[in-house]
Amino acid sequence: MEAEELVTIICITYNQEKWIEETLESVKEQEYYYKELIIVDNGSTDRTVERIKYWLSQNTSYLYVTTHFLEKTKPYCQLFNDYLIQAKGKYVVDLSGDDVLFPDHISKSVQELKTAPFAAFCFSDAYILNQINEISTFYPRNHAGELKEEILLTNIYETLVKRNFICSPTQVFHTEILKRIGGYDEELFYEDFDVQVRLARNYPLVFSDHIGVLKRKHSSSMSEGQYKRYDSKMLPTTVKVCLKIEAMNQTAEEDKALGERVMYELKHALWSANFDPARELVELGGRIGIRGLRFKWYRLWAKKRWDISWLYEKLT
């Protein structure tokens, strides 16, 4: 294998016995030949490790695989960085043990990256499969399968600050660039919001118009607990990333974009009674100049800590 062309897939699993074999099979079936697979089980307590070992016994001749089975669970961002250091590929994929890569995903993504050697990562579209087996695309498409709106990469930093614009499982990173920025921030609970804005701040991104991944949304998905009543593990990380963005911003327009994000996250923090993150978001909003009656109302709500989270659970 030529190191220049190698793609490293880091597959981190945790209690994903239902899906892990399909995930690993999707790596094997990639049209892109030059790849290595690093499988890391993060202390699963179900039969995930057993299913991995069975799959390996049937498929060891198809690709180069290394395995690591942890006895104790480690924080995700730290764990990914441990194996990012070992990645030999020019490009790297962060693959969850419940997602599926379609056969042409890596080849099409690498093709785009080769046309833009300074790009930090390539992203694409995905199918989203929800808990009742309904499927949709991440980006709206018409009946002919065409994107309803062009994916604009100008001002991509502002776009990512405002809203969740990229389906993170579709990302294929330029390994050297990801290593250069220190990989994932190990102080954070989740990685995608932070790493996307940090990379977009200083590097171009590229988009490939293909559907590359099947992403599952289920009750044990990390995103399902994003606004968990009283005790969201994700909101404190979101606040930390917003504070980092405040320091990175250079223009009034970028602060305005951050203001949109703050108002969105603040609304959900208040409704779900996560009042400590809400207080920090109110303070941040004041510093970047958010005005208006709605923000004043949110400020009062955060101060009084009115709890109507029971209604939020019913509505969501």
Between Asn142 (side chain) and Lys148 (backbone), is there a donor-acceptor pair under 3.5 Å?
no
Apply salt bridge (Lys or Arg N to Asp or Glu O under 4.0 Å) to Asp82 and list each qualifying residue two or more places apart in sequence or on a separate chain.
Lys74
Report yes if some heavy atom in the side chain of Gln58 is under 4.5 Å from a heavy atom in the side chain of Lys28; otherwise report no.
no
Where the side chain of Arg141 meets the backbone of Ser136, is there a donor-acceptor pair that is under 3.5 Å apart?
no
Mind checking whether Val110 and Tyr91 have side chains closer than 4.5 Å, heavy atoms only?
yes
Hydrophobic cluster membership, with links at side-chain heavy-atom distances under 4.5 Å among I/L/V/M/F/W/Y: are Ile288 and Trp297 in one?
yes
Crowding at OH, Tyr230 (>12 non-hydrogen neighbours, <6.0 Å):
yes
All heavy atoms of Val282 vs all of Ala302, minimum pair found to be CG2-CB, 3.9 Å
Write down the atom of Cys77, the atom of Glu186, and the distance for their closest heavy-atom approach.
CB-CA, 4.0 Å
What class does the angle between the rings of Phe123 and Phe207 fall in, given that below 30° is parallel, 30 to 60° is tilted and above 60° is perpendicular?
tilted
Would you call Cys11 and Leu24 a side-chain contact if the rule is heavy atoms closer than 4.5 Å?
yes
Please find the pair of heavy atoms, one from Val262 and one from Ile290, that lie closest to each other, and give the distance.
CG1-CD1, 3.9 Å
Is there a donor in the side chain of Thr13 and an acceptor in the side chain of Asp41, or the other way round, less than 3.5 Å apart?
yes
Rounded to the nearest 0.5 Å, the OH atom of Tyr83 sits from the CD atom of Gln78 at a distance of 10.5 Å
Shortest non-hydrogen contact from Glu280 to Leu243?
OE1-CD1, 4.4 Å
Quick one: pull up CD1 in Ile245 and CD in Glu158 and give me the separation to the nearest 0.5 Å.
11.5 Å
For the side chain of Glu265 and the backbone of Arg261, is there at least one donor-acceptor N/O pair under 3.5 Å apart?
no
For side chain to side chain contact (heavy atoms under 4.5 Å, CB included), just list the numbers for Trp301 and Ile308, CA-CA rounded to whole Å, side-chain angles, deciding distance to a tenth of an Å, and then say yes or no.
CA-CA 11 Å; Trp301 189 349; Ile308 55 171; 3.8 Å; yes
Do Tyr184 and Tyr14 share a hydrophobic cluster (ILVMFWY, side-chain heavy atoms under 4.5 Å, transitive)?
no
Can you tell me if Thr237 uses its side chain to pair, donor with acceptor, with the backbone of Phe189 under 3.5 Å?
yes
Verify, without hydrogens or angle tests, whether Lys179 (side chain) and Ala87 (backbone) share a donor-acceptor contact under 3.5 angstrom.
yes
Quick check on Tyr139: does its OH atom have over 12 non-hydrogen neighbours (other residues, nucleotides or ligands) under 6.0 Å away?
yes
Would Ser124 and Lys108 count as a side chain to side chain contact (heavy atoms under 4.5 Å, CB included) here? Give the steps.
CA-CA 9 Å; Ser124 59; Lys108 287 187 174 180; over 6 Å; no
Are the side chains of Lys114 and Glu5 in touch, meaning some heavy atoms are under 4.5 Å apart?
yes
Do NZ/NE/NH1/NH2 and the carboxylate oxygens of Asp98 and Lys217 come within less than 4.0 Å?
no
Hey, could you give me the CD1/NZ distance between Ile39 and Lys53, rounded to the nearest 0.5 Å?
11.5 Å
Determine, for Glu187 against Lys244, whether the closest basic-nitrogen to carboxylate-oxygen distance falls under 4.0 angstrom.
no
If only atom types and distance count, is the side chain of Asn15 paired as donor or acceptor with the main-chain N or O of Thr45 below 3.5 Å?
yes
Measure the spacing between OG of Ser96 and CZ of Arg216 and express it to the nearest 0.5 Å.
9.5 Å
Can a donor-acceptor pair be found, under 3.5 Å and without considering hydrogens, that links the side chain of Ser232 to the backbone of Gln226?
yes
Could you check whether any side-chain N or O of Gln30 sits under 3.5 Å from a backbone N or O of Phe102, counting only pairs where one atom can act as donor and the other as acceptor?
yes
Transitively linked via ILVMFWY side-chain contacts under 4.5 Å: Ile135 with Val100?
yes
Can you establish whether the number of heavy atoms outside Glu17 located under 6.0 Å from its atom CD is more than 12?
yes
For the pair Leu188 and Phe193, evaluate side chain to side chain contact (heavy atoms under 4.5 Å, CB included) and give the outcome as yes or no after the intermediate values.
CA-CA 10 Å; Leu188 303 180; Phe193 181 25; over 6 Å; no
Measure across Phe173 and Gln171 and return the closest heavy-atom pair with its distance rounded to 0.1 Å.
CZ-NE2, 3.3 Å
Just verifying a value: how many Å separate Asp194 CG and Ile181 CD1, rounded to the nearest 0.5 Å?
7.5 Å
Going by heavy atoms in the side chains, are Glu254 and Tyr157 under 4.5 Å from each other?
yes
Take Leu70 and Leu79 through the test side chain to side chain contact (heavy atoms under 4.5 Å, CB included) and record every step on the way to the result.
CA-CA 10 Å; Leu70 279 62; Leu79 185 59; 3.7 Å; yes
Side-chain donor or acceptor of Glu36 paired with backbone N/O of Lys88 under 3.5 Å
yes
Side chains of Asn130 and Glu134: any donor to acceptor distance under 3.5 Å?
yes
Which residue in the set Leu147, Ile128, Ile211 passes side chain to side chain contact (heavy atoms under 4.5 Å, CB included) when paired with Thr137?
Ile211
Scanning both residues in full, the closest heavy-atom pair of Leu205 with Ala120 reads CD2-CB, 4.0 Å
Is Glu283 salt-bridged to Arg279, going by a charged N under 4.0 Å from an acidic O?
yes
Which value, rounded to the nearest 0.5 Å, describes the distance between Leu84 atom CG and Asn81 atom CG?
6.0 Å
Got a donor-acceptor contact below 3.5 angstrom from the Thr73 side chain to the Asn42 backbone?
yes
Residues His268 and Tyr312: side-chain donor-acceptor under 3.5 angstrom:
yes
Answer with yes or no whether the side chains of Asp94 and Tyr76 bring together a donor and an acceptor at under 3.5 Å.
yes
Does a side-chain N-to-carboxylate-O contact under 4.0 Å join Asp231 and Arg229?
no
Centre of Tyr54's six-membered ring, under 6.0 Å away, within 45 degrees of the axis: is that where NZ or CZ of Arg51 sits?
yes
Does any non-hydrogen side-chain atom of Phe275 lie less than 4.5 Å from one of Leu270?
yes
Ring-face cation contact, Tyr203 with Arg180, 6.0 Å cut, 45° max
no
May I ask you to test the Thr170-Phe138 pair for a side-chain heavy-atom distance under 4.5 Å?
no
Are Trp271 and Trp310 joined in one hydrophobic group, where the rule is that I, L, V, M, F, W and Y side chains link up if heavy atoms are under 4.5 Å apart?
yes
Is there a path of hydrophobic side-chain contacts, each under 4.5 Å between heavy atoms of I, L, V, M, F, W or Y residues, that connects Trp306 with Leu311?
yes
Can you see whether Asn249 engages Arg201 through a side-chain donor-acceptor pair at a distance of less than 3.5 angstrom?
no
Are Leu281 and Tyr298 packed together at the side-chain level, in the sense that at least one heavy-atom pair is separated by less than 4.5 angstrom?
no
